[in-house]
2 protein chains.
Amino acid sequence: MRVLGVDPGLTRCGLGVVEGRRGGTLRMVAVDVVRTAPEVPLEQRLLAVSQRIEAWIAEHGPDAVAVERIFARSDVSTIMGTVQASGLALVAAARAGVEVGTHTPSEVKAAVCGNGRADKAQVTAMVTRILALDSPPRPADAADALAVGIAQIWRGGGQRRLDAAAGTGRPVGAGWDDAVAAQAPARQRAAERWAEAERRARQSTRRSR
Amino acid sequence: MRVLGVDPGLTRCGLGVVEGRRGGTLRMVAVDVVRTAPEVPLEQRLLAVSQRIEAWIAEHGPDAVAVERIFARSDVSTIMGTVQASGLALVAAARAGVEVGTHTPSEVKAAVCGNGRADKAQVTAMVTRILALDSPPRPADAADALAVGIAQIWRGGGQRRLDAAAGTGRPVGAGWDDAVAAQAPARQRAAERWAEAERRARQSTRRSR
DNA sequence: TCTCCCGACCTACCTG
DNA sequence: CAGGTAGGGTACTGCC
DNA sequence: GGCAGTACTTTGGCGC
DNA sequence: GCGCCAAATCGGGAGA
């Protein structure tokens with residue numbers, strides 16, 4: 001299984017391709033960071049990111065694209081570009097017909113470190129070890145992208161419910177799987193549809209780091 | 001001059017093509033609203049929006065694409081899809097090599113109604129009148145998209161931010177007679193105001209649109 | 001080029 | 001003329 | 001299909 | 001097993 005992990009960002013967007021099996025040894029295929037200069041018009045920056053992601057998908061032909069979900073507090077301004085970048089990643093994947101998975105920062109940390117509260121350095125270190133790299137991926141964002149990819153392989157794209165972006169309006173609370181049935185209004189007939197959608201529901205936004 | 005106005009949204013994304021000259025009579029070329037169902041995976045929804053926008057650009061060959069700028073308050077979740085949609089519009093335009101303009105809701109209202117505080121109904125009414133439509137554009141988002149397009153034609157592209165960054169200082173449109181936006185230097189209290197806005201937004205209940 | 005630190009919406013309208 | 005202030009949205013759910 | 005109402009962050013960790 | 005608590009960011013510019 002090959003996964004393209006994406007750490008969305010406007011100035012720096014991390015891209016990392018990881019290969020391996022669930023529970024097996026993982027191998028880093030490629031890693032890079034897309035940089036766009038502040039003086040360039042926004043649409044150009046986004047376009048650059050978009051094209052780069054599409055190029056990577058075309059080149060590496062991943063089985064899935066994993067995007068780090070966005071977490072935004074009240075500080076909105078900074079996340080916009082990030083969110084847009086994540087959207088581009090999602091569209092690029094959808095356009096290529098590739099499976100999509102999203103992961104929150106906590107999930108990623110928990111996946112690679114075993115602790116959702118893990119320090120950033122910890123994550124980098126673990127990524128380096130897991131992929132048996134000689135040295136830590138240089139721009140920090142690269143490591144994060146790889147971490148997301150790892151999370152995708154180990155935890156699977158089986159994300160829960162809706163995304164933050166959609167403004168779920170329905171805090172599911174604890175049990176995700178159980179909540180699926182509870183949520184559907186016309187659960188009997190639509191159950192199948194919902195299950196399907198839910199299974200594929202690795203959507204949502206991206207997060208920042 | 002032909003402009004594609006976009007009112008970004010995930011569930012409903014308004015698209016409106018307006019044609020005319022600055023200060024001249026305007027004509028509506030086309031209008032529509034892209035709808036995507038909540039049960040569809042996010043990436044699919046975004047893809048649908050993206051493709052539709054690209055199709056419209058290809059079909060109508062606008063000279064510019066105008067996008068309504070997003071203002072995010074403390075409520076983040078709802079804007080995500082919106083922001084992503086706007087990003088898609090920007091990229092679609094950039095990809096097609098079309099000029100891009102962004103406009104805040106206030107700008108749009110001011111451009112169309114002469115009053116930045118204009119009611120939504122007012123905007124719809126003015127759009128209907130300006131474009132000499134028999135009836136108001138059906139979904140409200142459609143009217144908004146048209147309004148954005150109108151604003152683009154009448155006020156020109158809003159890329160002051162880009163200008164400042166690029167140092168070109170070259171407003172794309174031809175010179176306009178009206179008052180130019182004067183930058184308010186009052187940045188000192190920004191934090192305070194932000195905190196205030198945030199606090200207010202958190203406590204009070206939101207009104208309907 | 002990478003690192004570290006700081007700051008965090010944008011406009012229109014009304015009032016003095 | 002300058003400064004300060006207030007305002008601005010959306011996606012989901014249920015119902016008509 | 002359209003209109004109106006409401007809520008608006010999420011998640012892992014730890015304690016109970 | 002359930003519930004409550006606490007924490008989480010990124011982009012721009014200057015300096016090494």
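A note on names: the letters A, B, ... follow the listed sequences, proteins ahead of strands, and every chain is numbered from 1. Scope of the values below: all heavy atoms of this structure, side chains included, with no hydrogens, waters or symmetry mates.
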Assess whether side-chain contact (heavy atoms from CB on, under 4.5 Å) is satisfied between B/V17 and B/M28, documenting all intermediate values.
-> CA-CA 6 Å; B/V17 178; B/M28 183 189 82; over 6 Å; no
Looking at the side chain of A/A110, which of C/dT11, D/dT10, E/dG12 is the nearest nucleotide?
-> E/dG12
Note: B/R12-B/D7 ion pair, threshold 4.0 Å (strictly below) | no
Of E/dG12, F/dG12, D/dA11, the nucleotide closest to the side chain of A/P38 is F/dG12
Between protein and nucleotides 14-16 of chain E, what N or O pairs are separated by less than 3.5 Å?
none

With 3.5 Å as the limit, what N/O pairs link the protein to nucleotides 1-5 of chain C?
from  : atom 1 : to     : atom 2 : distance (Å)
C/dC2 : O3'    : A/R138 : NH2    : 3.4
C/dT3 : OP1    : A/R138 : NH2    : 2.6

Which whole number of Å gives the distance between the P atom of C/dA8 and that of D/dG4?
-> 16 Å
Could you give the CE-to-P distance, from B/M80 to E/dT10, as a whole number of Å?
-> 8 Å
Starting at CG of A/D141 and ending at P of F/dG11, how long is that distance when rounded to a whole Å?
-> 8 Å
Sticking with atom P, work out how far D/dT13 lies from E/dT10, rounded to a whole angstrom.
-> 14 Å
Verify, without hydrogens or angle tests, whether A/Q152 (side chain) and A/G149 (backbone) share a donor-acceptor contact under 3.5 angstrom.
-> no
Check the side chains of B/T104 and B/R69 for a donor-acceptor pair under 3.5 angstrom, ignoring hydrogens and angles.
-> no
Any side-chain N or O of A/T11 under 4.0 Å from OP1/OP2 of F/dG11?
-> yes
Which of B/R52, B/R45, B/Q44 passes side-chain hydrogen bond (donor to acceptor under 3.5 Å, both in side chains) with B/T36? It is B/R45
Roughly how many Å is it from CG in B/L10 to C1' in D/dC12, rounded to a whole number?
-> 11 Å
Nearest atoms (heavy-atom pairs only) where B/D32 meets B/W56 | CB-CZ2, 3.5 Å
Taking every heavy atom of B/L90 against every heavy atom of A/E43, the minimum-distance pair comes out as O-CB, 3.7 Å
Short side-chain N/O contact to F/dG11 OP1/OP2 from A/R45, under 4.0 Å = no
Rounded to whole Å, the NE2-C1' distance (B/H103 to C/dC9) equals 17 Å
Can you tell me how far C1' of C/dA12 sits from NZ of B/K109, to the nearest Å?
-> 11 Å
B/D119 has an atom CG; how far is it from atom C1' of D/dG7, in whole Å?
-> 13 Å
Under a 4.0 Å N-O cut-off, is there an ion pair linking B/E68 with B/K109?
-> no
For C/dA12, take OP1 and OP2 only and decide whether either is under 4.0 Å from a side-chain N or O of B/N115.
-> no
Out of D/dT10, C/dT11, D/dC12, which has the shortest distance to the side chain of B/R69?
-> C/dT11
Inter-nucleotide P distance (F/dA7, C/dT15), Å rounded = 45 Å
Whole angstrom is fine here: how far is it from CD in B/Q84 over to P in D/dG9?
-> 20 Å
Between B/S50 and B/L46, is there a donor-acceptor pair closer than 3.5 Å when you use the side chain of the first and the backbone of the second?
-> no
What's the closest nucleotide to the B/T104 side chain, out of F/dG12, C/dC10, D/dA11?
-> C/dC10
Decide yes or no for B/L10 and B/T82: does some side-chain heavy atom of the first lie under 4.5 Å from some side-chain heavy atom of the second?
-> no
B/R155 vs C/dA12: side-chain N/O to OP1/OP2 distance below 4.0 Å = yes
Take atom CZ of B/R117 and atom C1' of C/dA12, then tell me their distance rounded to the nearest Å.
-> 11 Å
